[in-house]
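Input: a single structure, listed below in structure tokens.
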Number of protein chains: 2
Amino acid sequence: MVTLAEVARRAKVTGATVSNVLRNPQKVKPETVERVMAAIRELGYRPNLTARALARGRTSTLALMLSNITNPFYPEFVLAAEREARKRGYFLLVCNTDDDPAITRAYLDQIAGSLASGVIVMNTDLGERELTDIARKGIAVVLCMWEHVQASLALPCVTVDFAAAGALAAAHLSGLGHRKFGALVGAGSGGPQTIRLDGFAAALAAHGHPEKSLAVVQSHDSIESGYEGAMQLMRGKPAVTAIFATNDLMAIGAMQAAADLGKRVPDDLSVIGLTDITLAHQFRPALTTIRLPTADIAARSVALALEMVEGTAPTQERYVVRAPELIVRESTGPRKR
Amino acid sequence: MVTLAEVARRAKVTGATVSNVLRNPQKVKPETVERVMAAIRELGYRPNLTARALARGRTSTLALMLSNITNPFYPEFVLAAEREARKRGYFLLVCNTDDDPAITRAYLDQIAGSLASGVIVMNTDLGERELTDIARKGIAVVLCMWEHVQASLALPCVTVDFAAAGALAAAHLSGLGHRKFGALVGAGSGGPQTIRLDGFAAALAAHGHPEKSLAVVQSHDSIESGYEGAMQLMRGKPAVTAIFATNDLMAIGAMQAAADLGKRVPDDLSVIGLTDITLAHQFRPALTTIRLPTADIAARSVALALEMVEGTAPTQERYVVRAPELIVRESTGPRKR
DNA sequence: TTGAAAGCGCTAACAT
DNA sequence: ATGTTAGCGCTTTCAA
């Protein structure tokens, strides 16, 4: 392995100068820069990131904690996050917690022990307390996509207005003339995605729908679970004509359930999801959904975390909430009497 | 930050002993272990992984290079890989190369400069030469899921018998009585997935089908592209009654194309995929496919890489080829008259 | 503009 | 069984 010292020797300077050439070239005489660069090239030198991290007191890696990357939402997020990190010279460590507090804690422990200089926490069964503790150890932690944001003011957070997302769905369905609604509520690590539902229910009420016009079923964030939940909903009476799922996977499951019951989407049943994962528009019928600016949030989270790490974080932006957007496709339509 | 030295002071021993307690407790008197552990607990000490890495000459991270995690095959792979890595005390760095040689090279550069002590390379547009070079720098590199394995004997490799996978598909379709076949050939970083196709074509020939009974269309690894490709295939004459796609995403696209053409799957058209991603069984009709032992391969790759890193790699197993398996579901059926 | 020197926190011989 | 010591490769004051 070629070291800084070898380069220095070859360029007839000391390590300090080589180090400067690498990071503050303007502090070195152009002529010397030349010579050092030549030595670097000839020797095929690559800085040792570990040594650099030890000397500087921080690594060039960022950890991303999520529950399970197998949920199609995450890969889209990870891609965007990794791009932003790379752009800034950082690497991304992906940590699947499987919603297991033990795994989560173990990761956090190592991170606090200098695995990464920042963490983006997408969900967790840990209390905010534990997170705040590790933040106090000098690691940049940013919460991401959290629903119960008001409870998390202590830590920076980038997320979307989930209540507004639910409201958008309600307005769309109500505007289409529907009267009997069903909601499939998924569950994240922090329990059911109630904010999305609350936003939906509140908007329904605001549009003049009585409380009993909405039937709710708890479900999990998967096609299979959405299928089961929708079955329950459709067997209820009076049958619902519109279903809001708090995430796209469940919405897709609902469409499959409708098909199995001989109902046509959107003629007999409207289905609207939330997130707009790639699969949403690839499915038939293409899913109407509430789009979350996933890539944007990913990039912003990474940027925020790194600004904190590098001590350039503007205090203003420690709390960013993006807006959701209605995307109308083929799975929703006017109520046919 | 609590350091080893502080723990040592509190436990009234030296750093060496604390270090031993952490990694070779059997070398330390039980009584002392107790005392040190107590100090660690009281101080909330966490070893600094960076310092450890520098001292030991290797990091506790493993890099995984893949083209784009957004392809549903990868998350399944990543999950399994990360679990195996964690089990062994390592962390996983995910590197999306986007099939861009510049990005790939940049990553490899940093890895060689001590970012990770091993890399799993899932595909690349780089020559084997470049990979061998970085392996020579002392980094464990293992190739994974490569098709043209025979060309890669210099580097360890864990993959599956893609020709056999193609053959399995051919045997299934042929056994169902089909006579006119279409193949959708996807493209990885190294060009089209020809081995899969070759295996398919050879098996077709072996089953007595003349060469002209097979129409081939080049495509990309996506639903959209599979859709387009299948359209081409079905417009050809005589129309094919069975389509083999070299990956599941394209197969799903083919099923959608059939639906749009008013053809029923499997009655009018049989479709078989390859990989068995999760989506394959979630789709309607559920996709018949050739299953690749993804999780198994991921775990094996990580295990192999880490064994190499830790110098315990058995020379025998530097080259492992797993077998594919036919999974019959709803998208294939006997040719109807 | 460049050099000297003292670490960063931990590991690993080698001593004791 | 525990301590001493010399690094690992780089960064970073502080001098020159």
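Here the structure is a predicted model, which is why all the values come from computation and not from measurement.
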At under 4.0 Å, does any side-chain N or O of B:T50 touch on OP1 or OP2 of C:dG9?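 No.
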Taking only N and O in the side chain of A:R56, is any of them less than 4.0 Å away from OP1 or OP2 of D:dT11?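 Looking at the OP1 and OP2 atoms of D:dT11, neither is under 4.0 Å from any side-chain N or O of A:R56.
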A:R23 and A:S19: side chain to side chain donor-acceptor pair (under 3.5 Å), yes or no, with the steps? CA-CA 7 Å; A:R23 284 165 307 96; A:S19 183; 2.5 Å; yes
Rounding to a whole Å, what distance do you find between [X]:[atom1] and [N]:[atom2]?
{"X": "A:L49", "N": "D:dC8", "atom1": "CG", "atom2": "C1'", "result": "14 Å"}
{"X": "A:L4", "N": "D:dC8", "atom1": "CG", "atom2": "P", "result": "13 Å"}
{"X": "A:N48", "N": "C:dC8", "atom1": "CG", "atom2": "C1'", "result": "13 Å"}
{"X": "B:R58", "N": "C:dC10", "atom1": "CZ", "atom2": "C1'", "result": "14 Å"}
{"X": "B:L54", "N": "D:dA6", "atom1": "CG", "atom2": "C1'", "result": "13 Å"}

For the CD atom on A:E42, are there more than 12 heavy atoms of other groups (residues, nucleotides or ligands in this structure) within a distance under 6.0 Å?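 It does: A:E42 CD has more than 12 such atoms within range.
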Is the number of heavy atoms from other residues, nucleotides or ligands within 6.0 Å of CD (A:Q26) greater than 12?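 Counting other residues, nucleotides and ligands, CD of A:Q26 exceeds 12 neighbours.
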When you measure from the side chain of B:T32, which nucleotide among C:dC10, D:dT2, D:dG9 comes out closest?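 That would be D:dT2.
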Candidate nucleotides D:dC8, C:dC10, C:dT2, ranked by approach to the side chain of B:A51 - the nearest: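 Within the option list, the nearest is C:dC10.
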Between NZ on residue A:K87 and CG on residue A:L306, distance to nearest 0.5 Å: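 Between atom NZ of A:K87 and atom CG of A:L306 there are 11.0 Å.
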To the nearest 0.5 Å, tell me how far A:I134 CD1 sits from A:Y107 OH.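 These two atoms lie 14.0 Å from each other.
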Indicate yes or no for a side-chain donor-acceptor contact from A:E130 to the backbone of A:R105 under 3.5 Å, with no hydrogens or angles considered.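 Here the side-chain-to-backbone pair does not exist.
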Looking at DNA chain C, which of residues 12-29 of chain B put a heavy atom within less than 4.0 Å of it?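 The answer is B:A16, B:S19, B:R23.
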Of B:R35 and B:A55, whose nearest nucleotide on DNA chain D comes first from the 5' end?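 The residue whose closest nucleotide sits nearer the 5' end is B:R35.
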